[in-house]
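First listed ligand is number 1; within each ligand, the first listed atom is number 1.
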Amino acid sequence: MLTDEEVKRYHHNGYLVVKNLYDKREMQIWKEKIITLLKAEGRYNNPSGVHVFFLHDVHPYFIDKMRDPKVVTILKRLVGQNLEFLSVKAVYKNAETRFSSPWHQDWYYWKGSNKTSVWIALDDATIDNGCVRMVPGSHNKIFKWNKVDDPNMFNRRTDDKEIEGLPVDALALESGGAVFFHDRTLHGAYDNVTGADRFSFIATYRDASTKDESTVWDNAMVVSGVSVNT
Ligand SMILES: O=C(O)CCC(=O)C(=O)O
């Protein structure tokens with residue numbers, strides 16, 4: 001259960017780190033399952049190191065994880081009593097996918113109502129192997145962004161020069177740790193200069209009591225309360 005201080009910090013910074021949300025051994029199981037799923041879909045060698053699983057494609061094992069009270073209880077405190085799960089993204093950086101994830105606000109990709117995502121460390125994430133970094137307070141505005149031709153799937157991004165002079169928090173986290181973040185929080189990840197695995201799993205939810213005009217998702221799973229969208 002979050003303290004009032006943590007909830008306040010989330011609203012102030014646009015993100016909240018929750019260490020040890022999951023057990024390290026459990027993260028190894030998730031990672032092995034994700035590798036099996038990606039291999040089965042022929043996605044494991046995808047040079048982008050990114051794959052989105054929409055609801056119809058999420059394995060029942062992970063459906064249960066996405067509605068686990070462990071994560072839903074926190075989201076209810078941060079977002080509200082009515083919640084829908086939308087999709088989950090595997091980001092698998094390794095010796096072949098070493099590049100940094102560029103600065104962006106997730107909202108560029110989906111628009112509509114605001115969403116909240118949970119970035120989960122499946123491996124220990126450090127500055128050297130590409131942990132995420134966030135600009136605290138950036139969720140209070142939409143930053144300038146460009147559409148670029150990026151085979152690695154990050155084709156909507158904010159130029160590095162927009163970040164100059166802003167505070168940047170590097171979120172090194174041991175596996176099992178999580179970052180809850182607003183979809184306007186400006187974020188990216190460092191290069192993976194170690195070449196070792198740095199896997200993350202990013203689950204996205206929305207406030208189900210707010211009508212969402214986004215066209216990215218055909219369906220959603222209510223994980224708490226009722227929805228005006230489904
Ligand atoms: O490298 C990462 O894990 C961050 C990826 C990311 O920011 C995103 O997919 O929105």
Side-chain angles (χ1 to χ4, degrees), residues 13-18 21-22 27 30-31 34-35 38 43 46-54 58 66 85-112 114-136 138-139 142-143 145-148 150-160 162-163 168-206 214 216-217:
N13 290 334
Y15 76 84
L16 180 74
V17 172
V18 177
L21 182 63
Y22 298 99
M27 294 297 92
W30 286 32
K31 182 174 165 181
I34 291 162
I35 291 173
L38 290 169
R43 305 271 180 192
N46 188 342
S48 74
V50 170
H51 183 65
V52 178
F53 296 89
F54 287 97
V58 180
M66 299 299 108
F85 163 74
L86 295 168
S87 54
V88 72
K89 183 193 247 187
V91 187
Y92 41 111
K93 300 284 180 67
N94 54 32
E96 280 78 47
T97 54
R98 309 165 69 99
F99 50 84
S100 59
S101 303
W103 288 108
H104 63 285
Q105 292 174 309
D106 285 345
W107 186 84
Y108 306 156
Y109 288 89
W110 49 58
K111 314 261 179 51
N114 287 120
K115 320 291 185 295
T116 301
S117 295
V118 190
W119 185 96
I120 301 165
L122 301 183
D123 292 306
D124 291 349
T126 64
I127 288 183
D128 286 345
N129 76 4
C131 69
V132 276
R133 47 184 172 174
M134 302 211 171
V135 176
S138 52
H139 60 307
I142 305 284
F143 281 74
W145 58 280
N146 304 306
K147 249 188 181 167
V148 297
D150 180 8
N152 296 329
M153 288 186 52
F154 288 101
N155 56 12
R156 296 169 193 210
R157 48 172 79 180
T158 293
D159 209 276
D160 287 358
E162 299 289 326
I163 317 298
V168 171
D169 293 343
L171 305 181
L173 261 185
E174 288 191 22
S175 70
V179 186
F180 290 74
F181 67 103
H182 192 284
D183 68 352
R184 281 196 314 256
T185 304
L186 202 49
H187 66 286
Y190 293 93
D191 297 334
N192 178 359
V193 297
T194 64
D197 281 2
R198 197 249 49 188
F199 279 42
S200 62
F201 207 44
I202 312 173
T204 297
Y205 297 80
R206 71 181 164 203
S214 172
V216 170
W217 295 275

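Enumerated by chain and number, the residues approaching ligand 1 to less than 4.0 Å through a heavy atom are Lys89, Val91, Lys93, Ser101, His104, Asp106, Trp119, Val132, Phe154, His187, Ala189, Arg198, Ser200, Ile202.
Salt-bridge check for Lys93 with Asp123: failed, with every basic side-chain N at 4.0 Å or more from each acidic carboxylate O.
Geometric assessment of Arg157 against the ring of Tyr108 yields a negative cation-pi assignment under the 6.0 Å and 45° thresholds.
With ring centers used as reference points, His182 lies 6.0 Å or more from Tyr15.
When side chains are defined from C-beta on, Phe201 counts as touching Ile34, because their heavy atoms get closer than 4.5 Å.
Across every non-hydrogen atom of Lys31 and Phe199, the tightest pair is CG-CD2, 3.7 Å.
Scanning for ring-ring contact (aromatic ring centres under 6.0 Å, His included) contacts around Phe143 gives an empty result, with sequence neighbours left out.
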